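Only one structure is covered here, and it is reproduced in the block below.
Just so we're clear, the structure is a prediction, and the values are computed from it rather than from any experiment.
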Amino acid sequence: MSIPQEIDRDQRVTQIYALVHSKCPRCRRGSVFQNSMYGFKPQKMNDHCPLCNLKFEREPGYFYVAMFVSYAFNVVQMILAGVFTYWVTGNTTNPWLYMAVIFPVVILLSPFNYRYSRLILLHFLTPGLNYIPDMGRDRKSI
């Protein structure tokens with residue numbers, strides 16, 4: 001697997017691009033996850049960045065904090081699904097309808113929550129983990 005061709009080797013990679021495409025927060029080129037978000041295989045996270053060798057789990061239990069980010073995602077998704085159901089059905093107060101809509105939404109979005117709660121923790125909530133543009137440029141392939 002090589003560095004994505006759409007990224008010029010001398011070009012700086014934006015943090016939003018790195019976050020959306022699940023890239024390392026330090027070099028913004030190496031993949032954090034080994035496979036896709038949705039599929040028949042469970043998501044597998046790399047232990048280290050394949051390009052800059054950053055250890056993703058900064059300390060034992062580091063990703064427990066990602067549960068709080070995932071919880072915030074779930075709350076927002078439940079509220080939005082409930083408001084959307086209320087808006088579509090026109091003020092229906094049947095709790096079974098809301099449960100029938102909200103629970104599948106939560107289950108379908110759980111892979112998204114898993115992946116992006118960890119990425120947000122790495123990119124935005126980890127002090128001292130900064131982007132170094134020159135990391136990972138020497139090695140062309142993994």
Side-chain angles (χ1 to χ4, degrees), residues 1-9 11-137 139-142:
M1 187 170 149
S2 63
I3 296 173
Q5 294 177 355
E6 68 269 5
I7 299 174
D8 183 16
R9 293 181 83 51
Q11 177 184 357
R12 289 179 160 241
V13 180
T14 64
Q15 189 170 23
I16 297 301
Y17 176 89
L19 182 70
V20 168
H21 294 283
S22 303
K23 300 299 179 185
C24 171
R26 184 164 67 182
C27 68
R28 295 185 185 169
R29 296 176 194 277
S31 295
V32 176
F33 289 90
Q34 293 177 4
N35 49 9
S36 66
M37 186 179 339
Y38 289 99
F40 293 112
K41 295 179 182 177
Q43 294 186 54
K44 175 82 171 115
M45 190 170 181
N46 290 324
D47 293 330
H48 293 84
C49 176
L51 295 178
C52 69
N53 204 29
L54 171 71
K55 184 177 181 184
F56 293 127
E57 188 169 5
R58 311 288 287 164
E59 58 190 31
Y62 173 74
F63 286 112
Y64 284 127
V65 177
M67 289 189 306
F68 296 109
V69 178
S70 180
Y71 176 76
F73 282 167
N74 274 320
V75 168
V76 169
Q77 291 161 359
M78 286 180 175
I79 290 172
L80 289 176
V83 168
F84 180 76
T85 304
Y86 179 84
W87 179 69
V88 168
T89 60
N91 197 7
T92 300
T93 58
N94 184 357
W96 294 107
L97 174 65
Y98 288 96
M99 288 178 21
V101 171
I102 291 173
F103 286 138
V105 166
V106 169
I107 290 170
L108 288 174
L109 291 176
S110 64
F112 171 86
N113 293 342
Y114 174 79
R115 179 172 289 223
Y116 285 101
S117 64
R118 288 177 176 231
L119 288 169
I120 286 175
L121 177 65
L122 282 170
H123 280 270
F124 296 112
L125 302 176
T126 303
L129 186 57
N130 300 319
Y131 173 48
I132 303 173
D134 295 330
M135 294 297 287
R137 285 194 183 183
R139 295 174 19 184
K140 290 186 178 180
S141 63
I142 298 172

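A pairwise comparison of heavy atoms in Phe56 and Asn46 identifies CD1-O, 3.1 Å as the closest pair. Minimum interatomic distance between Met45 and Gln34 (heavy atoms only, all atoms of both residues): O-NE2, 4.3 Å. Across every non-hydrogen atom of Leu51 and Gly30, the tightest pair is CD1-N, 3.5 Å. When all heavy atoms of Val101 and Ala81 are compared, the closest pair comes out as CG1-O, 4.3 Å. For Ala66 against Leu121, the heavy-atom pair with the smallest separation is N-CD2, 3.9 Å.
Atom OG1 of Thr89 sits about 10.0 Å away from atom CZ of Phe84, to the nearest 0.5 Å. Atoms NE2 and SG, from His123 and Cys24 in turn, are 7.0 Å apart once rounded to the nearest 0.5 Å. Between atom OH of residue Tyr98 and atom OG1 of residue Thr93 there is a gap of 7.5 Å, rounded to the nearest 0.5 Å. Taking CG of Leu109 as the reference point, atom CE of Met78 lies at 10.5 Å (rounded to 0.5 Å). Distance check: Thr85 OG1 to Leu80 CG gives 10.5 Å after rounding to the nearest 0.5 Å. Atoms CG and CG, from Leu54 and Asp47 in turn, are 11.5 Å apart once rounded to the nearest 0.5 Å.
Under 3.5 Å, the side chains of Arg115 and Ser22 contain a donor-acceptor pair of N or O atoms.
In this structure a side-chain-to-backbone donor-acceptor pair under 3.5 Å is present from Asn35 to Lys44. In this structure, Arg26 contributes its side chain and Cys52 its backbone to a donor-acceptor pair below 3.5 Å. Ser117 places a side-chain N or O within 3.5 Å of a backbone atom of Asn113 that can act as its donor or acceptor partner.
With contacts defined as side-chain heavy-atom distances shorter than 4.5 Å, the pair Leu122/Tyr62 qualifies. Side chains of Gln43 and Met37 form a contact here, defined as non-hydrogen atoms less than 4.5 Å apart. Considering only heavy atoms from C-beta on, Lys23 stays 4.5 Å or farther from Val13 through its side chain.
When each of Phe33, Phe73, Phe63 is tested with Tyr114 by the rule side-chain contact (heavy atoms from CB on, under 4.5 Å), just one qualifies, namely Phe33.
Within a 6.0 Å sphere centred on CZ of Phe68, heavy atoms belonging to other residues, nucleotides or ligands number 12 at most. Within a 6.0 Å sphere centred on OH of Tyr64, heavy atoms belonging to other residues, nucleotides or ligands number 12 at most. Applying the 6.0 Å contact sphere to OH of Tyr71 captures no more than 12 heavy atoms from other residues, nucleotides or ligands.
Relative to the six-membered ring of Tyr17, Arg28 misses at least one condition, a distance below 6.0 Å or an angle of at most 45° to the axis.
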